[in-house]
Structures are given as C-alpha cells and as structure tokens.
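First up is the structure itself, then whatever we jot down about it.
Atoms considered below: every heavy atom in the structure, side chains included; atoms not considered: hydrogens, waters and symmetry mates. For the single chain, residues carry numbers from 1 onward in sequence order.
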Amino acid sequence: MNVRSEDSPGLGFRVLLSRKWNRAILGGWNTADGWTVFDNGTRDGQTAEFEMGCEMGFEMGLRNETQAYLTAMDSLRVATTPPPLLRRQALYQMARHPLAARPSPRPLIAATLSKPPEVARSSSPAAAVVEDTQLVAPPRPRVLPDSLQYPPGYVGAVPHRSRSDSGGDGVMNALDYLTNIITSKVYDVAIESPLQLAPKLSGKLGVKVWLKREDLQPVFSFKIRGAYNMMAKLPRELLEKGVICSSAGNHAQGVAFSAKRLNCSAVIVMPVTTPEIKWKSVEALGAKVVLVGDSYDEAQAYAKKQAVEEGRTFIPPFDHPDVIMGQGTVGMEIVRQMQGPVHAIFVPVGGGGLIAGIAAYVKRVNPKVRIIGVEPSDANAMALSFHHDQRVILDQVGGFADGVAVKEVGEETFRICKELVDGVVLVSRDSICASIKDMFEEKRNILEPAGALSLAGAEAYCRYNGIRGENIVVITSGANMNFDKLRVVTELANVGRKQEAVLATVMPEEPGSFKQFCQLVGQVNITEFKYRYNSDKKAVVLYSVGVHTVSELRAMQERMESSQLQTYNLTESDLVKDHLRYLMGGRSDVQNEVLCRFTFPERPGALMKFLDSFSPQFHFGNQQGETGANVLVGIQVPKSEMDEFHDRAHRLGYDYQVVNNDGDFQLLMH
C-alpha cells in the first residue's frame, strides 16, 4: 500500500489503516529537528508499520518514535473530540472481526492533524494540544423552528459533509463505535426486539414496512440500552458511589431499571412539572426522585451539581459514546434480522443518540442503506443544526412529542450524524396522531407521540417520493403514552390521515341559507358543526367533514364557491383545532384585547403564577385550554402599556405568542 504524505508545512502527522494488511501506518514523526513527514511510513530505514496482534505491538526501533506515535494519537483524540475509547483495543477487535474483511473503496481510517504556524515551531506535540483546547468556541445561534420548514416527506437539511468524509472523523469514529456496539452488554437487561412486518401499512403504501419494536422493551422504550451500556462499564468503585441523571421521561426509567439490575443507588432529578404518573413509575423501580426546577435545563444543572458534590456519575440521556453505543445495538439487530436489501431506516430524533448509534453501525456494514431522521416540525433541532452546519439552540420547542422535545442536540451525536445521516424528514402533529392510530389498527398497541414519529416520517416519505416495492424499516421507539393525550390523538388522527378536513364557510344571515349550505355539502359526511346566529349580514359556519379523497373535498369547495359561499380550508391551523373551534358559540368586541397563546407547565400553582404576573393591572377577557398545553388567553392591554405587558410576559417565563393578527382568528372571532 502506497501512502502519500501531504506537502503542507503545517502537517503534524497522517495516520492510515491498510484494509488489506490491517496495519496502521504513521506518516509523520516528532524528532529533535521538528516534525518530519515521510512517504510509505518509513524514515531512515526504520519501520513505521504497526502489526495489530493481540497486544497491538509495535515494530519500532526507536523509543522516541514510539512515544511520538502515542502522543500523536492522543493529540488526534483531543483535536477531533472523538469518544474516549481505547483505540488500540478497538482496532484489535476490528482486525479480528470478519466484518473487517468486507471490501471498501476507501481506507478504514484516515486522519490528519495540522498545527497552527506559531505552535509548529515547538518540538512538543502536547503544547499544540494545550494551545488548541484553550480556544473558546463562538456562541451557538438561537433559532426558531419555523425558520426551516419544507413539505412532509421531503428529505431536507442534508448535512454538509466535511472534507474528511473520504476517510476522516466520521468513518474513524464509526469504526470505534462498530466494535464497541458488537461487544455491548445491553442484553443483560434489554431484549432483542422483534422486527415485524406491518401488512396493512405495507398494502396501503405499496412498500414493505418493517416495525422495529423498541416499544416492547422492559421499560417500553429503547432508552434502557444506552443507560445500561454506560452504567455497566463503570468500575465497581464508581457504581458503589451511585449514579444520577436528569430526565422527565424514558431515560429516567432506563437509568432506574439499570441501577436496580447493577445493584447501585440512583437519583433521578425531574422538573416539578413532571406528571405524577411518571415520577411514581420511576420510584417504583427503586430510584430516588428529586423534583427541582420548572424546566429540564434547571433539573439538569442541579443533577450535574449534585454529581460533583456527592461523587455520583452523571448518566446523560444521549450525548455520551457509551450511551450512543448502547442505542447502536438497535442497528446491529436490524442488520441481523433483515433478510433482503433495505432502502431506508427511519429513526426518531431528539438529542440524536439513537440515530447516531444506528448510523455508526449500519453505515459501516452497508453504506447504501439510507439513514433518515424524523423530527416534529416544531422541534427540529437536528435539521436546523444540519442547515446551519453547526449545533443551534431552539428558542421554542413544541411539546406534543415530549420524548424528542429537545432544544439542542448533543455535541457527539451531531458530529457523528453530520457525517453519516442522509437527512431529516419533518412531520406535523396531525400526522403523528394518524400514525398512532395506524399502529393501533396494525398491532393493537398504542405508541407515545415520539414512538410513532418515525412511522409518520416513513409514510410521508413514501408518498412524497413515490417509493414502491422497497423494504422500509421504522423504529417504534416507545409506548409511554400520557393518557391525557389520547383525546388529542383521537381528534386529530383523521385530520392527519387526510380523511377529515376543517372548513369555514361564510354565508348570508337570511332564511333558507342554512338549507342551501347543507344541499351543497351533498353526500360528504359532516362530523362537527358550529354555528350561531349573527345579527350582521354575514355568518360564519365552522365545520368538519369526513372525506375519502382530495378531489372529493375540492369538488365540495367548488360547489360552495359557485353558489357565492366563500369557503376556507382551516385544516392546517393549530389555533383553530386547539382553541377557536371551542369558542364559536359567541363573539365579543373587547376593547384593547390582546389574544395570546401561553404554554402552561404541568404543575400546581402554574395558573396562579400567571395571574400574579398580570393582575391587577391587566384584565382577563377569556381563557381556553388546559394545563400542560397551549392556553388561549385574552387580556385587555392599552396600547400605551404594551411594553409593560411584554416585559411581564418575559419575566413570567412561559412561552407565548400574540395571535391577534392571525387571519383565522379574524375570520372566526371578529
């Protein structure tokens, strides 16, 4: 194998791994004369090839060169922030595993470390490392989910591959992850979840839909894999000190279950907004639950602080190599279970741990398989990070699919996904509800919204791209459904399936107009109807209709328009579906009314805190909604006091949005 060195004066070293001979070849040494770059891994007749035997022994003649190799590898780890793995052990495992013999058009490992000119004069590579690690990263941009939207089913936000893609960070780390995924200990607690064909969905979409049933795990979620894999690797002395994590959902149960299996103590820090059913289920597994803060960020800060003070090990939900490796066993199982070629694997994305692990394994074994992430359109942190080519922070996050409601993806997960993931599909809340219903009809199981996310993405992808006859794998990632959400799911499932539409028709307020309206609806089934007498000359009717095809709905709208009854399709308006449909019974002309949608946390005292923030200066005209969701609030605010109102709203800390100028609100309520 011929290894050509770079001529760049800033080159520190170049490492390649020969697939044919399973040898690591180092192309640069640190000597007394500075950095020497050479060709074919040799200098002055001394061998620079490293046989990967049981001990990864070196065939090196000079001690300073051996030390240079070790220092160079340490420098590479710091400079590229790969996982803290024993690289030689990983390479040794790869050399022995038969997967290493698979043909590939590119080397397994190729990495380059360059030193800044001012550091290159030093003969110590450690100095370069210190210099690099002291650089302060610029602050990450804060963005809104609405700043990146595209049609459902379109694979957007395709990540920008780095120049090292031909054999750099992503591939090198994928090798490390691959070997550690193979040797993971997750099966001490997790099952090899079944890969089941979904006949009804397959027939409807014209593809073979395979469901990877992670919702059947002992804690009804894949999270147990990553939590246990990290905890099982901890030395006994650390386990005896205990573990701690911050979570309001599935990760908490995974850590608690794993701690019970490993016979160590676990503290789970959860926001005070966590529903009682969730923290009680964690307590039932033997963990100690501490309720702190109104948000996940506050709970996480407290957990990390306590980890230091109490000497406990903090178990992150996604951004740790051992956690990612545990989740990667899902990909290993898919490769083993699938008999035929796979077109794509659809993976729900929150912080990125699951998709990073699956991609790290599958892309090494079969790079032709597409790994496609799926995110809610209002919680698209990974898609926006790909779009901006750096991690971003969401200013607002939709909470319906709370299992993936993450403001910021992980550093390690983003780095892996950027190199290995093929893009992200965005889906709406309605389509998630439709997929929950699809799963119920298929297997009589109810998925949580995050658990049905990838199914919604796969369905949209197949329809948008006209995919036929392919094998599509979907990760059903969890079934810890909050019972209260079932009402919303049943209301919106048919909307998401495009089997129900929400419409508003303006008609004259005169005798006979309502009968004419019903005649024009024809044979279409009216599933909901809201109308009240209006003293004005025009009235607005809000109604829902069950439809079977888009053409059927379009034909009904054309009949209305031809009879001078203006009709609006409001199916995509969350404001209408969540609130205005319940307020159609009456209207009022309130002076200086500001209509806002506030997101109330699920905890006692949330409403009183809200009232204390605005009373008695501002008067409340109306309220509609429920705790833990968007609440529509009308408040009388004189124009001269708008700045004061916004200041109080920001200090309150609840997400809010003013909707006075929303066209649907103007149509239905004014």
Side-chain angles (χ1 to χ4, degrees), residues 13-19 22-26 50 52-56 69-102 104 106-113 129 161-162 164-186 225-226 229-230 232-234 316 318-332 335 352-367 371 410-421:
F13 63 89
R14 184 170 178 82
V15 181
L16 291 176
L17 178 67
S18 166
R19 179 177 293 278
N22 283 333
R23 292 177 177 179
I25 303 172
L26 189 63
F50 307 98
M52 295 199 304
C54 289
E55 302 298 329
M56 281 298 293
Y69 170 74
L70 296 174
T71 305
M73 296 305 290
D74 288 339
S75 301
L76 180 61
R77 277 194 288 272
V78 173
T80 59
T81 327
L85 303 172
L86 295 176
R87 184 170 306 282
R88 283 175 287 170
Q89 179 184 358
L91 293 177
Y92 167 59
Q93 293 170 347
M94 176 54 60
R96 296 192 61 188
H97 199 275
L99 289 175
R102 293 178 181 267
S104 174
R106 60 191 184 185
L108 292 182
I109 298 180
T112 302
L113 174 67
V129 175
R161 305 296 189 198
S162 65
S164 63
D165 183 47
S166 61
D169 293 354
V171 178
M172 177 178 60
N173 289 328
L175 273 173
D176 292 333
Y177 279 107
L178 178 66
T179 57
N180 282 270
I181 288 169
I182 293 171
T183 58
S184 173
K185 298 180 179 181
V186 300
R225 295 177 183 259
N229 190 59
M230 178 176 177
K233 289 185 176 183
L234 294 176
F318 47 80
D319 200 20
H320 190 281
D322 290 332
V323 174
I324 297 169
M325 291 165 196
Q327 322 299 28
T329 55
V330 176
M332 179 178 67
V335 171
L354 180 60
I355 192 170
I358 290 175
Y361 187 92
V362 175
K363 283 293 188 180
R364 275 305 313 145
V365 177
N366 190 349
I371 306 296
E411 180 179 0
E412 176 74 354
T413 59
F414 175 69
R415 191 170 57 81
I416 296 171
C417 291
K418 183 172 178 289
E419 298 299 332
L420 300 175
V421 171

Thr413 vs Ile324 side-chain heavy atoms within contact, under 4.5 Å: yes
Heavy-atom closest contact (Arg364 atom, Pro367 atom, distance): O-CD, 4.5 Å
Close side-chain approach of Tyr361 to Ile182, heavy-atom, < 4.5 Å: yes
Non-hydrogen atoms of Pro316 and His320 that approach each other most closely: CG-CB, 3.5 Å
Side-chain heavy atoms of Val330 within contact of Leu354, under 4.5 Å: yes
Audit row: Val323, Glu412, side-chain contact (heavy atoms from CB on, under 4.5 Å) steps and yes/no: CA-CA 11 Å; Val323 174; Glu412 176 74 354; over 6 Å; no
Expected output: side-chain Asp322 to main-chain Asn229 donor-acceptor under 3.5 Å: no
Distance-minimising heavy-atom pair for Gly353 and Phe318: N-CB, 3.8 Å
Shortest non-hydrogen separation from Val421 to Ala359 and the atoms involved: CG2-CB, 4.3 Å
Results of side-chain contact (heavy atoms from CB on, under 4.5 Å) for Thr329 - residues two or more places apart only: Ile181, Ser184, Val186, Tyr187, Arg225, Met332
Pairwise distance CG(Leu420) to CD1(Ile371) - rounded to 0.5 angstrom: 9.0 Å
Spacing of CE belonging to Met325 relative to CG belonging to Asp176, to within rounding of 0.5 Å: 7.0 Å
Reported CD-to-CZ distance for the pair Glu419 and Phe414, which is rounded to 0.5 angstrom: 9.5 Å
